[in-house]
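Side chains included, hydrogens not; waters and symmetry mates left out as well; all remaining heavy atoms used.
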Amino acid sequence: MNEQQLEEARLSCERIIDRIAEVFVGNRLMLRKLLAAGLANGHVLFEDYPGLGKTLLAKLFARAIGGDTKRVQFTPDLLPSDILGMNVWRQNDGTFQLMQGPVFTNVLLADEINRAPPKTQSALLESMEERQVTIDGDTMSLGSPFVVIATQNPIEQEGTYPLPEAQLDRFLLKLSTGYPANDQLESDILLRRIQWQKDDATEDMEPAVDVGRFVDLQRFVETGVYTDQVIVEYITQIVRLSREHPRVAVGASPRGGLALLRAARSIALIHGRDFVVPDDVKMVVPDVLAHRVILNIEDTLEGTRGEAVVDDVLAQVPVPSDMGRMAR
Ligand SMILES: Nc1ncnc2c1ncn2[C@@H]1O[C@H](COP(=O)(O)OP(=O)(O)O)[C@@H](O)[C@H]1O
Ligand SMILES: [Mg+2]
């Protein structure tokens, strides 16, 4: 990547975020993280109370990157074939024909994922990890980009099936939209609604880039962003300390370390840099690692949160300061 390509990449990222922020009221930092996950071809889990704009945000993201999008509302009677697809018998010519399920798309919105039973959840989670689907013995690759944005409510309701930790690990980031931070933002939501004269303004929004451009940006992240040895060591120390922390029963896996690397490289590109600095890593550590650590039972019962432990880990790892060495 030359200087000009880098600046153009930064501007494309900025445009995607601006476009989403025209409709979604909220902090740009969170939007940057969502974009970072998408640029790394990673999946995102939003955990929040109902009505905080999760579904809206997922739809806006899909629209902004110009991709094809499908939505599945997870319910207790949802079957794996409702997500993956199935072979259907065709009476007139006596053959089976594959009906592709909603997973064959660029951005899949898996809404209220914890309301479906484990078998259906795992069908989705397997396809997320392997980026392919097997139906009656035939294996088919999923397209690219392929980004799942799943939402779940934190309330422990009757009839919900919390995702097991092993499956949470499949999400590159766990984010939260949160409540509007102040009165101004709260009333902005109302004012925009008055201006749109409809509930959902997503369809009126023009994509910020086309999907081909988004794939280019993904490739820049993969091939054009340099990661120095000092950054590799920094990530290594963070992941290892997450396993040694006294409140942790099971720390982050190597997949967690890889997730940190991928997310940090995307953040670097979003900032218009072709090399990773420690701040890129720091910025995403809680979102990448908090859902991957399992705390000791006593600490869980006392209400300690993964986020707090991960913050503590981060504070203990010395930040590499030799900036000169980080650029290529
Ligand atoms: N931050 C926000 N910005 C703009 N609209 C919002 C925001 N949060 C909620 N809304 C609006 O509130 C309603 C509920 O949002 P929705 O995305 O369905 O919530 P969730 O999926 O989290 O339950 C929608 O009409 C949405 O447009
Ligand atoms: Mg919703």
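Formation of a donor-acceptor pair under 3.5 Å by the R63 side chain with backbone atoms of E203 is found in this model. Using a distance-only test at 3.5 Å, with no hydrogens or angles considered, a donor-acceptor pair links the side chain of S127 to the main chain of L124. Using modelled atom types, one side-chain atom of N114 and one backbone atom of N153 make a donor-acceptor pair closer than 3.5 Å. Checking side-chain atoms of R292 against main-chain N and O of L168 turns up no donor-acceptor pair under 3.5 Å. Judged by distance alone, with hydrogens and angles left aside, the side-chain atoms of S122 form a donor-acceptor pair with the main-chain N or O of P118 at under 3.5 Å. Remark: side-chain polar atoms of R192 are paired, donor with acceptor, to backbone N or O of E22 under 3.5 angstrom.
Judged purely by distance below 3.5 Å, without hydrogens or angles, the side chains of Q4 and E8 pair a donor atom with an acceptor atom. Looking only at atom types and distance, the side chain of D48 has no donor-acceptor partner in the side chain of T151 under 3.5 Å away. No side-chain N or O of S141 forms a donor-acceptor pair with one of R131 less than 3.5 Å apart. Side chains of E233 and Q229: a donor-acceptor N/O pair is present below 3.5 angstrom, by distance only. With hydrogens and angles left out, the side-chain atoms of N106 and D68 include no donor and acceptor closer than 3.5 Å. A donor atom on one side chain and an acceptor atom on the other are found under 3.5 Å apart for Q184 and D188.
Counting non-hydrogen atoms of neighbouring residues, nucleotides and ligands closer than 6.0 angstrom, the CD atom of E298 exceeds 12 such neighbours.
Considering V230, V281, D228 as possible partners of P320, the one that fulfils the side-chain contact (heavy atoms from CB on, under 4.5 Å) test is V230. Between L57 and the options V23, L175, L31, V44, a side-chain contact (heavy atoms from CB on, under 4.5 Å) holds for only L31. The only member of R32, K33, R273, R262 that meets salt bridge (charged side-chain N to carboxylate O under 4.0 Å, His left out) when paired with D280 is R273.
Heavy-atom minimum distance, S144 versus Q218: OG-OE1, 4.0 Å. Across all their heavy atoms, F74 and A110 have their closest contact at CE1-CB, 3.5 Å.
Under the 4.5 Å side-chain heavy-atom criterion for ILVMFWY residues, no single connected hydrophobic cluster contains both L289 and L163.
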Self-check item: D82 vs T120, side-chain hydrogen bond (donor to acceptor under 3.5 Å, both in side chains): CA-CA, chis, key distance, verdict
Solution: CA-CA 9 Å; D82 294 328; T120 305; over 6 Å; no
Quiz prompt | side-chain hydrogen bond (donor to acceptor under 3.5 Å, both in side chains) between T134 and T139, worked out | solution = CA-CA 4 Å; T134 304; T139 299; 3.0 Å; yes
